[in-house]
Amino acid sequence: MWQLVSYSWRSNYTVYWLTEWYHSWPHIKYQSFETVDDSFQPDQEEYRQALLFLASIPLAWLILTILVIFVYCCYGFFRRRRSRSPTRPSRTKSAAKTWGLAIVALLSLSFIIVGFYGNEETSTGVNRLTNAAKDVDVTINEVSTQVNKIIATYKNDISTNIDNLNKIFMNEQDRQKRNELLALTENLNRYTYSRADNVSRISTDADSVKLNLTSKADDLEKYEYFRWLGTIVLLSLEIIVCLIALCAVGKGSRCLLVFVSVTCFFFIILIWCRMGIEIFITVGASDFCVDPNTYVLSYTDGNAGVDQDVVLYYLTCYPNSQNPYGTSLRDAQQAETLAEATLENIEKLAGPQSDAVEILNKLDKTFQSTSLQLQNLVASVNCNTLKTDYVIGLYSTCYDTITGISFMMIGSILSGIFFTVLISSCTLPIIAKRKADYEVDREDPFLPPDNPSATLERFSRRNDPSRSPQRQSGLGSPTIPDYNRDPSFAASSVAYNQDYRYEDDPLIRRHGHDSPPPSYAYM
């Protein structure tokens, strides 16, 4: 991500605003609730307590969420139980609730996708960090290898050939020539040891560095692989649950609603626990990213065994910075030049017919090889290579990784909230649903209407004397004729009371229930 912002940031590290924001969070000990220093100090107990206090905030929110769900479900349960009869929600309310649950499930899917992006961004940052750490270790090992190779060449090959020259020159008959050759050989030997001594300081510092970045990078890669894989599995399962929730809402399946409620509750626990771990890592990494050089200097002072001036040179690498090995390298190059000049003088003085010609040719080739090795060593010891790897590691940690974890936290927060809504919406209808005391046939044409106002109007019409046609005509209260005793009387009564409405008569109570009005066939 940071390559897209500005390529020039590779040379100089700039603190990310997001890390500054995380760094500004209060660092409070959970034992005494006192603020502590916000600098990155992982070895200090107080600093670890401050990070644990911040990581416990999502756990506290998890407990509060569980309590809210429990109280809400109990409220709905007792509210429905207090009602006299089971209620049937209207079609409008049912459709609105269905669409609401579908929208919540779709929003949860979108926030889970945000978590996928954050997971990939975090993995990219960690992989770049491990590669940069391995490159730093490779550079240090190359410097150590080159220095040891140069020293071994000086002390073994060159020293052996110089001793052979001394033996040959001791047999020279001309005394003056013999003394001059021995003097030149002595100077050549002195220059050779001077180069070895100047380079040996670099070898001492390179061998004393015990960072073991490669092994630590391998361990980090293994952890990151399992973290990445576990996050992918968890987010995939969350997507499956959201899809099942959509199916449950569409079909109205009670079993699917129960399954969605249980799995959402399980995922809420995992989401907020993972949120606490992410806050712990993010705040700690941000504290490091605000001032990384201070921690690196303190760590290398006690563990790496290298002078602070050397470490600071490689961390800053300013254009006007002086290489701490610059003097030794310049002295080694100067001794190399003097040794090559001395070897030319020996070749001229010894002559082409001398027995030392073969040894002198070997020394000439060896000096050319060591000169090239010395040039490569100068390039390797320069701070540009290590500073580039260091800056890439910082950008990978403080930009890519912090940004990726931030996206995962955003997705966790929002998906956790919407999963809570899903639990409340799916669980409440299940636990509060009340069955009727007896089976009701919805196809019965004499079943009272669902509209309460129509039932009330019918009841009032039946009990109002002014609504009876007989009482309006002054004939008094109607009587129910006995059709079984006198059929002729039944016919005359029906003819007389043509406008009589039998549904206005009071219902006969049988077995504790009111009987329905007489059927049309009976009438």
Side-chain angles (χ1 to χ4, degrees), residues 135-169 180-209 306 310 313-314 317 319 321-389:
D135 291 340
V136 170
D137 224 7
V138 167
T139 302
I140 295 175
N141 293 332
E142 286 181 353
V143 170
S144 179
T145 302
Q146 290 176 0
V147 171
N148 293 331
K149 189 175 182 180
I150 291 173
I151 293 175
T153 302
Y154 287 160
K155 291 184 177 181
N156 295 328
D157 297 341
I158 296 179
S159 178
T160 302
N161 290 325
I162 290 176
D163 292 339
N164 293 331
L165 285 178
N166 286 327
K167 293 179 181 179
I168 293 174
F169 293 154
E180 290 179 358
L181 289 173
L182 291 176
L184 291 174
T185 305
E186 184 65 26
N187 292 334
L188 181 62
N189 192 23
R190 186 173 66 252
Y191 295 147
T192 301
Y193 276 99
S194 177
R195 286 180 297 178
D197 291 337
N198 290 323
V199 175
S200 62
R201 181 191 172 189
I202 303 175
S203 175
T204 302
D205 290 344
D207 294 337
S208 62
V209 176
V306 184
V310 177
Y313 166 73
Y314 286 105
C317 193
S321 299
Q322 293 184 356
N323 192 334
Y325 304 112
T327 303
S328 299
L329 292 174
R330 284 192 297 270
D331 293 342
Q333 288 177 337
Q334 185 177 2
E336 180 79 20
T337 302
L338 294 174
E340 291 178 355
T342 303
L343 184 61
E344 291 180 358
N345 294 330
I346 293 175
E347 290 176 353
K348 292 179 181 179
L349 184 61
Q353 304 298 329
S354 175
D355 297 335
V357 172
E358 184 178 357
I359 298 176
L360 292 174
N361 291 333
K362 291 181 180 179
L363 286 173
D364 189 18
K365 293 180 180 179
T366 304
F367 282 154
Q368 291 179 2
S369 176
T370 54
S371 178
L372 182 60
Q373 292 175 358
L374 191 58
Q375 292 177 3
N376 294 332
L377 180 62
V378 172
S380 300
V381 171
N382 194 292
C383 64
N384 291 327
T385 303
L386 290 178
K387 176 64 182 300
T388 301
D389 295 332

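All values below come from the heavy atoms of this structure, side chains included, with hydrogens, waters and symmetry mates left out.
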Item to complete: For side chain to side chain contact (heavy atoms under 4.5 Å, CB included), just list the numbers for Tyr191 and Thr337, CA-CA rounded to whole Å, side-chain angles, deciding distance to a tenth of an Å, and then say yes or no.
Response: CA-CA 9 Å; Tyr191 295 147; Thr337 302; over 6 Å; no
Step-by-step side chain to side chain contact (heavy atoms under 4.5 Å, CB included) determination, Glu340 to Ser371: CA-CA 10 Å; Glu340 291 178 355; Ser371 178; 3.9 Å; yes
- [ ] Would you sort out whether Val381 and Tyr314 count as a side chain to side chain contact (heavy atoms under 4.5 Å, CB included), showing the intermediate values?
- [x] CA-CA 9 Å; Val381 171; Tyr314 286 105; 3.5 Å; yes
task = List the steps and the verdict of side chain to side chain contact (heavy atoms under 4.5 Å, CB included) for Leu165 and Asn161.
result = CA-CA 6 Å; Leu165 285 178; Asn161 290 325; 5.7 Å; no
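The distance from atom OG of Ser369 to atom CD1 of Ile158, rounded to the nearest 0.5 Å, is 9.0 Å. From Ile168, atom CD1 reaches atom CG of Leu181 across 10.5 Å, with rounding to the nearest 0.5 Å. Between the OG1 atom in Thr370 and the CD atom in Gln375 there is a gap of 10.0 Å [rounded to 0.5 Å]. The CG atom of Asn384 sits 11.0 Å away from the CG atom of Asp389 when rounded to the nearest 0.5 Å. For the atom pair Ser144 OG and Ile202 CD1, the distance stands at 11.0 Å (nearest 0.5 Å). Atoms CG and CD, from Asn164 and Glu358 in turn, are 10.0 Å apart once rounded to the nearest 0.5 Å.
A pairwise comparison of heavy atoms in Glu347 and Asp364 identifies OE2-CB, 4.2 Å as the closest pair. Closest approach of Thr342 and Leu184 over heavy atoms only: CG2-O, 3.2 Å.
Looking only at side-chain heavy atoms (C-beta outward), Leu374 and Leu377 come within less than 4.5 Å of each other. Side-chain contact check for Asn198 versus Leu329: every heavy-atom pair is 4.5 Å or farther apart. A 4.5 Å side-chain heavy-atom check between Gln373 and Lys149 finds at least one atom pair inside the cut-off. Using a 4.5 Å cut-off on side-chain heavy atoms (C-beta onward), Ile151 and Ser200 make contact. Proximity of Leu363 to Leu188: side-chain heavy atoms (C-beta onward) are separated by under 4.5 Å at one or more points. Thr192 has its side chain within reach of Phe367: a pair of non-hydrogen atoms, C-beta onward, lies under 4.5 Å apart. With contacts defined as side-chain heavy-atom distances shorter than 4.5 Å, the pair Thr327/Arg330 qualifies.
Asn382 contributes no side-chain N or O that, together with a main-chain N or O of Val378, makes up a donor-acceptor pair within less than 3.5 Å. A donor-acceptor pair under 3.5 Å links the side-chain atoms of Thr366 to the main chain of Lys362, judged by distance alone. Asn361 places a side-chain N or O within donor-acceptor distance of the main-chain N or O of Val357, the cut-off being under 3.5 Å.
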